[in-house]
A.B. asks: 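A single structure is presented below for examination.
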Amino acid sequence: QVTLVESGGGLVQPGDSLQLSCAASGRTDSRYVMVWFRQAPGEEREFIATIDWSGDRANYADSVKGRFTIFKDSAKSPTYLQMNDLKPEDTAVYYCAYQGGPYYREYNPVDYWGKGTLVTVSS
């Protein structure tokens with residue numbers, strides 16, 4: 001059982017930056033990945049980025065490459081999502097998720113979800 005808690009969302013203007021954090025507690029696997037998703041009103045849930053337990057391997061959706069960075073210092077560290085040059089279309093609830101295994105399996109369900117944190121980008 002793993003509990004995930006996101007934080008760091010808020011209201012910002014276009015061009016601003018935010019850093020989201022996902023704290024995990026409980027019994028984690030030896031190998032796992034953390035994943036960030038987002039869901040805007042009326043839209044499908046979208047994969048944003050994933051990183052392995054050690055922080056050594058990361059992958060991004062094309063929509064955020066060059067603007068967002070996922071990082072994790074160690075297996076004991078929170079998982080962060082640094083978001084730069086935010087745009088109105090980035091407005092969404094951002095969710096942290098956990099999936100056991102050495103890499104992200106996008107067609108398999110995640111094992112645990114956080115409750116989400118709202119990011120609003122508006123002038």
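Any value given below was found using the heavy atoms of this structure, including those in side chains, with hydrogens, waters and symmetry copies removed. Model, not experiment: these values are computed from the prediction.
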A.B. asks: Determine, step by step, whether Asp90 and Lys87 satisfy the salt bridge (charged side-chain N to carboxylate O under 4.0 Å, His left out) criterion, reporting the C-alpha distance in whole Å, the side-chain angles of both residues, the deciding distance to 0.1 Å, and the verdict.
C.D. replies: CA-CA 5 Å; Asp90 295 318; Lys87 305 177 185 299; over 6 Å; no
A.B. asks: So Gln99 and Thr50, do their side chains get closer than 4.5 Å, heavy atoms only?
C.D. replies: no
A.B. asks: For Gly116, is there any backbone N or O sitting under 3.5 Å from a side-chain donor or acceptor partner on Glu6?
C.D. replies: yes
A.B. asks: What pairs with Glu46 under side-chain hydrogen bond (donor to acceptor under 3.5 Å, both in side chains), at least two apart in sequence or on another chain?
C.D. replies: Arg38, Ser63
A.B. asks: Please write out which residues are connected to Leu11 in a hydrophobic cluster, directly or through intermediates, given that two of Ile, Leu, Val, Met, Phe, Trp, Tyr count as joined at side-chain heavy-atom separations below 4.5 angstrom.
C.D. replies: none
A.B. asks: Could I get the full list of side-chain hydrogen bond (donor to acceptor under 3.5 Å, both in side chains) partners for Glu89, not counting sequence neighbours?
C.D. replies: none
A.B. asks: Just grab all the salt bridge (Lys or Arg N to Asp or Glu O under 4.0 Å) pairs involving residues 68-78, residues at least two apart or on different chains.
C.D. replies: none
A.B. asks: Is it the case that one hydrophobic cluster holds both Phe37 and Leu118, taking links as side-chain heavy atoms less than 4.5 Å apart, direct or via other members?
C.D. replies: yes
A.B. asks: Restricting to pairs with a member in residues 16-123, which pass disulfide (SG to SG under 2.5 Å), not counting sequence neighbours?
C.D. replies: Cys22-Cys96
A.B. asks: Taking all non-hydrogen atoms of both residues into account, name the closest pair between Ser21 and Pro78 and its distance.
C.D. replies: OG-CB, 3.7 Å
A.B. asks: Under a single-linkage rule joining Ile, Leu, Val, Met, Phe, Trp and Tyr whose side-chain heavy atoms are separated by less than 4.5 Å, which residues share a cluster with Tyr80?
C.D. replies: Phe71
A.B. asks: With salt bridge (Lys or Arg N to Asp or Glu O under 4.0 Å) as the rule and sequence neighbours excluded, what pairs involving residues 99-121 come up?
C.D. replies: none
A.B. asks: Could you pull out all residues at least two apart from Asn108 that satisfy side-chain hydrogen bond (donor to acceptor under 3.5 Å, both in side chains)?
C.D. replies: none
A.B. asks: Applying salt bridge (Lys or Arg N to Asp or Glu O under 4.0 Å) as the test, list every pair that has at least one member in residues 11-37; sequence neighbours left out.
C.D. replies: none
A.B. asks: Tell me the salt bridge (Lys or Arg N to Asp or Glu O under 4.0 Å) pairs involving residues 48-61, sequence neighbours left out?
C.D. replies: Asp52-Arg57
A.B. asks: Which ILVMFWY residues are connected to Tyr32, directly or by a chain of links, through side-chain heavy atoms under 4.5 Å apart?
C.D. replies: Val2, Leu4, Val12, Leu18, Leu20, Met34, Trp36, Ile48, Ile51, Trp53, Tyr60, Val64, Phe68, Ile70, Leu81, Met83, Leu86, Tyr94, Tyr98, Tyr112, Val119, Val121
A.B. asks: Taking side chain to side chain contact (heavy atoms under 4.5 Å, CB included) as the test, write out the residues that go with Ala23, two or more places apart.
C.D. replies: none
A.B. asks: What closest approach, in Å, do Ser17 and Asn84 show between heavy atoms, and which atom pair accounts for it?
C.D. replies: OG-OD1, 2.9 Å
